[in-house]
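Have a look at the structure below, then the notes.
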Amino acid sequence: MATNEQATYAPNALEAFWQERWEEAGLHRVFEETGRQKYYVLEMLPYPSGRIHMGHIRNYTIGDVLARYLRMQGKNVLHPMGWDAFGLPAENAAIEHGVHPAKWTYENIATMKAQLKRFGFSYDWSREVVTCDPAYYRWEQWMFLRFLKQGYAYKKPSMVNFCPKCQTVLANEQVLEGRCWRCDSSATLKQMEGWFLRITAFAEGLLEGLETLDGWPEKVRAMQRNWIGKSQGALVRFPVNETQDTLEVFTTRADTLFGVTFVALALEHDLLDSWYQTGRIQEAVWREIEALRQEKLSSRFEAELSKKGVLLELEAMHPLTGEKVPLLAANFVLTAYGTGAVMGVPAHDGRDFEFAKKMGLLIAEVVRPTDGSHPLEPTAFEDDGVLVNSGEFSGMASEEARRAIISKLESLGVGKGVVQYRLKDWGISRQRYWGVPIPVVYCEACGAVPVPDDQLPVVLPIDLSSKIAPGFGLAKLEGFLQTVCPNCGGSARREADTMDTFVESSWYFLRYACPDYEAGPLDTVRVHYWNPVDQYIGGIEHAVLHLLYARFFTRLLKATGVLRFDEPFARLLTQGMVIKDGSKMSKSKGNVVDPDDMVAKYGADVVRLFMVFAAPPEKDLEWNEKGIEGCARFLSRVWRLFQEVAQSLKRPFLVQEGNRESLKALEMAILRATHKVSQDIERQHLNTAVAALMECLNSFTELNDLLDSADGRLAFQGALKRYALLLAPFAPHHADELRALMGENGFAMQASWPRVEPGRIESPVKELVVQVNGKVRETLVFNGEASQEEVYRVALQSEKIKRLLEGKEVVRVVYVPGRLLNLVTQ
RNA sequence: GCGAGAGUGGCGGAAUGGCAGACGCGCUAGACUUAGGAUCUAGUGGGACUACCCGUGGGGGUUCAAGUCCCCCCUCUCGCACCA
């Protein structure tokens with residue numbers, strides 16, 4: 001400007017000044033420019049809960065540093081922001097304070113947007129997406145209808161997780177240790193009808209895709225792999241004697257089939273009820289089953305249930321040996337996994353072993369370690385080995401036996417090889433109000449009818465006659481529900497469920513490419529110009545929620561013909577939490593630091609700097625008031641140095657030529673910093689990039705004797721111009737101000753990132769270390785490259801080295817050019 | 001139990017197999033000052049106190065050289081967890 005040429009750094013006025021200039025210049029708007037290399041930097045969009053917190057600031061600062069750096073590198077960088085605006089907190093606020101969810105949400109957005117703007121993040125706000133806007137969610141409804149048509153969306157009754165506090169259903173992914181991910185209430189199970197998206201159809205693709213995501217943290221990939229839970233095995237059918245029923249079990253250990261001594265059913269298995277109704281299960285046995293069911297319900301979330309079971313007094317026939325095996329109902333058999341029934345092989349499964357001991361069931365050894373030992377007591381032998389007591393399969397190795405036994409089962413028609421996944425279809429029905437209405441109507445004559453495209457969006461009614469109270473939902477809005485059938489024109493009722501809000505966040509990153517598009521959900525050209533996202537940044541808490549859903553949606557949209565790629569996020573950075581006094585900042589702990597307070601006190605640049613300096617991005621960051629003061633001190637020192645140089649340029653100089661060594665050192669300092677900062681941003685070590693800037697400043701300060709000379713001042717001016725550019729991604733307001741002070745026009749973001757030709761940071765003066773037996777004993781200085789012989793010769797002239805080598809023979813000399821000489825003695 | 005990651009000064013943290021502790025905080029001393037919680041200068045792993053020794057959770061190994069690579073163990077954090 002600059003604002004003035006004052007001696008103290010006054011961040012608030014300065015930052016406001018530059019933010020206005022950026023705004024006027026439309027500096028952060030970006031357009032599709034074919035021929036220019038694009039880069040898409042994305043941070044997870046926030047839920048408008050009321051206020052921005054430090055965790056957001058950290059996330060967005062990391063993204064902003066990368067975005068600004070890449071833009072200065074000449075990339076066409078998309079860096080958007082929006083709001084995940086549907087969700088329960090808005091309804092809860094309505095219940096507690098009587099505010100309409102829409103009003104609450106939009107007011108929060110306004111507050112939070114102002115907070116973000118104060119930090120000077122380089123978002124293209126013209127692309128802002130608000131998911132509760134009908135202009136956004138109409139396309140989500142459009143997509144839903146496509147999915148419906150192709151069978152990827154369907155409705156079914158099922159046992160679902162239900163949060164009593166939120167009064168709504170939760171998807172499997174949204175229940176953490178039996179508790180609601182949002183409010184931490186204990187979830188219950190409930191039989192309900194609801195809509196599902198067929199994520200299981202993409203289980204294999206989602207799993208395989210993980211292998212291609214080498215820009216993702218291994219931790220997240222492992223979590224998703226785990227969640228998808230693929231296992232290879234066999235379905236085996238056990239006919240139940242004296243009935244027409246066949247019990248199917250899933251096993252990964254077909255090689256242990258001859259060791260089956262019982263078959264156990266989950267307490268909730270459908271056949272139990274049917275056998276009870278047909279009198280196959282006695283009244284006394286049934287009462288025991290009921291008792292176990294009760295016990296299981298009440299202790300659902302205990303670490304481990306002690307294994308209990310009930311003999312059904314029914315037998316199944318072993319599919320290969322024809323022997324009779326007892327059937328039991330057991331509390332440790334999972335309903336939701338496999339077939340809800342397991343074959344019991346006590347000799348080779350720890351759980352079955354424990355259970356068999358307790359119930360007095362037989363234990364039959366069929367696999368032995370290859371060393372021939374019999375390790376059956378005190379526990380099961382679970383490893384692979386060699387088969388025994390297994391008829392024609394005896395003598396085979398486990399691996400081979402699994403294949404052979406599966407073929408046998410298949411040829412007899414009593415089983416088959418299968419792949420099983422733990423992943424379940426995504427239940428998206430929510431029985432609440434503040435969400436996207438599911439575009440289906442129910443007609444007495446025509447049944448469930450999809451709402452035609454031209455009647456979209458099904459707008460969420462905003463005018464409410466009654467106040468929102470607990471249990472409120474679309475189902476209470478008679479005016480909304482009543483409609484006509486698009487098919488026959490008869491009276492019909494609308495679907496009252498809304499979609500899980502994770503649906504909105506599954507595709508928002510696509511809409512940023514074309515937020516104004518009205519001819520369809522996505523403008524194919526623009527979407528494919530920007531996507532996939534090159535760098536995604538957000539918290540690890542979404543490892544198997546949002547990140548899995550978004551990957552699924554991308555594949556779904558590809559299958560629907562909208563997209564041409566499989567993976568939405570090429571690289572993922574999961575930043576650590578901001579913690580204080582050892583725990584995550586939260587209202588309940590009373591350890592919250594408000595970003596606004598910090599900005600008021602230190603300015604945005606200082607807070608941004610601290611956010612990336614105090615810890616590497618992926619690690620937790622401990623809030624430290626002293627630490628942020630250190631960053632403030634650093635920016636003040638930078639400020640003073642620039643002032644000093646600017647002032648010196650106006651004064652008469654004392655000498656024409658500056659000290660040659662100092663001039664060289666100055667150039668070397670800025671070159672080294674340029675190299676280090678570039679390299680560190682590239683590898684996302686933002687904390688060491690800032691350290692390099694600090695180090696460079698320290699060097700500058702030591703060289704300020706150069707300001708007495710004419711060429712020293714000019715050299716300093718040149719170096720500082722480059723320094724301001726290096727600072728720009730971290731402290732953008734500061735950087736633009738400093739550039740102005742050095743006589744530059746325009747904005748740092750429009751300037752090119754300084755480059756260093758390789759080799760230029762090599763100092764002509766080499767410092768070389770001499771080791772004796774690997775220990776550093778001497779440091780030598782050479783001008784330019786020195787040969788091994790030369791270094792050796794000089795080293796031997798050192799008194800110290802001479803003394804250490806006295807009476808010893810050098811048996812080996814290791815020379816690393818430019819680094820060290822190691823003399824090895826006997 | 002399974003999976004992933006991490007153990008380095010008083011603290012946050014640096015180190016393509018090549019001088020361990022960059023940078024910052026804190027601390028010590030000094031300078032400037034009516035004053036200092038401002039600023040500047042110097043020092044700051046431990047022990048010996050001039051030239052040496054020890055030191056990256058513990059124990060082995062590879063190497064001229066290991067915080068870094070390999071094997072075993074311990075501790076911590078996170079995720080999943082009776083997944084057949």
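Protein chains get the first letters and strands the later ones, always in sequence-line order, with residue 1 at the start of each.
Inspection of the R551(A) and Q224(A) side chains reveals an N or O donor paired with an N or O acceptor under 3.5 Å. Between the side chains of R637(A) and N698(A), at least one donor N or O lies within less than 3.5 Å of an accepting N or O. A side-chain N or O of S798(A) and one of E778(A) form a donor-acceptor pair less than 3.5 Å apart.
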Verdict with reasoning, V414(A) to T246(A), per side chain to side chain contact (heavy atoms under 4.5 Å, CB included) = CA-CA 10 Å; V414(A) 291; T246(A) 298; over 6 Å; no

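Note: CZ (R253(A)) to P (C82(B)) measures 20 Å, nearest angstrom. In this structure, L686(A) places its CG atom 21 Å from P of A22(B), rounding to the nearest Å. The separation between Q771(A) atom CD and G17(B) atom P is 17 Å, rounded to whole Å. Between the P atom of G18(B) and the CG atom of L780(A) lies a distance of 20 Å, rounded to the nearest Å. Per the geometry, CZ belonging to R803(A) stands 15 Å off P belonging to U50(B), to the nearest Å. Atom pair L548(A):CG and C80(B):P shows a separation of 13 Å (rounding to whole Å applied). Atom CG of D705(A) and atom C1' of U41(B) are 16 Å apart (whole Å). Per the geometry, CG belonging to L697(A) stands 13 Å off P belonging to U39(B), to the nearest Å.
S231(A) comes within 4.0 angstrom of the backbone, heavy atoms only, and of no base. Base engagement by V816(A) is indicated by at least one non-hydrogen atom pair under 4.0 Å involving a base atom. At a threshold of 4.0 angstrom between heavy atoms, the contacts of N698(A) are confined to the sugar-phosphate backbone, with no base atom among them. Nucleic acid contact for G338(A): none, since no nucleic acid atom lies under 4.0 Å from a heavy atom of the residue. Within 4.0 Å (heavy atoms only), V813(A) reaches no atom of the nucleic acid at all.
Here the separation of A22(B) from G45(B), taken at their P atoms, is 8 Å to the nearest Å. If you take atom C1' in G10(B) and the same atom in C78(B), they sit 27 Å apart, rounded to whole Å. Nucleotides C71(B) and C49(B), compared at atom P, are 43 Å apart to the nearest Å. Distance noted for atom C1' between A14(B) and G24(B): 11 Å (whole Å). Taking the P atoms as reference points, C11(B) lies 14 Å from G57(B), given to the whole Å. Going from the P atom of A65(B) to that of C19(B) covers 15 Å, rounded to whole Å. When the P atom is compared between A48(B) and U62(B), the two are found 35 Å apart, to the nearest whole Å. Atom P of A6(B) sits at a distance of 10 Å from the matching atom of C69(B), rounded to the whole Å.
Formation of a donor-acceptor pair under 3.5 Å by the E248(A) side chain with backbone atoms of L235(A) is not found in this model. Panel note: side chain S699(A), backbone E695(A); a donor-acceptor pair is recorded below 3.5 Å.
The residue among K800(A) and G630(A) whose nearest nucleotide of RNA chain B is located toward the 5' end is G630(A).
Looking at heavy atoms from C-beta onward, F502(A) lies in side-chain contact with H546(A) at the 4.5 angstrom threshold. Between V260(A) and F238(A), some side-chain heavy-atom pair lies under the 4.5 Å cut-off.
In this model, the phosphate group of U39(B) is approached by a side-chain N or O of R633(A) to a distance below 4.0 Å at OP1 or OP2. Between R422(A) and A81(B) there is a side-chain N or O to OP1 or OP2 distance below 4.0 Å. For the OP1/OP2 pair of C54(B) and a distance below 4.0 Å, the side-chain nitrogens and oxygens of K775(A) include at least one atom meeting the criterion. At least one side-chain nitrogen or oxygen of R812(A) sits closer than 4.0 Å to the OP1 or OP2 atom of C64(B). Remark: R637(A) is in phosphate contact with C40(B), judged by side-chain N or O atoms under 4.0 Å from OP1 or OP2.
Comparing A65(B), A84(B), C40(B) by their closest approach to the side chain of R640(A) singles out C40(B). Set against A84(B), C23(B), C64(B), the side chain of V824(A) has C64(B) as its closest nucleotide.
Under the 90° criterion around 0 for the glycosidic angle, G9(B) counts as syn.
Annotation: cation-pi geometry not satisfied between K307(A) and F355(A) (NZ/CZ under 6.0 angstrom from ring centroid, within 45° of ring axis).
With hydrogens and angles ignored, a donor-acceptor pair under 3.5 angstrom links the side chain of N822(A) to the base of C64(B).
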Quick one, give me the B/S/- string for nucleotides 4-16 of chain B, reading 5' to 3', where B means a protein heavy atom under 4.0 Å from the base and S means that only happens at the primed atoms, P, OP1 or OP2.
-> S-------BSSSB

Would you write out the dot-bracket form of RNA chain B, 5' to 3', with Watson-Crick and G-U pairs under 3.5 Å, [ ] for crossing pairs, | for pairs to other strands and . for unpaired bases?
-> (((((((..(((.....[....)))((((((.......))))))(((....)))..(((((..]....))))))))))))....

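Counting heavy-atom neighbours within 6.0 Å of K802(A) NZ, excluding the residue itself, gives a total above 12. Residue K358(A) places its NZ atom among more than 12 non-hydrogen atoms of other residues, nucleotides or ligands, all under 6.0 Å distant.
Ring centroid separation for the pair Y602(A) and F610(A) does not come in under the 6.0 Å cut-off.
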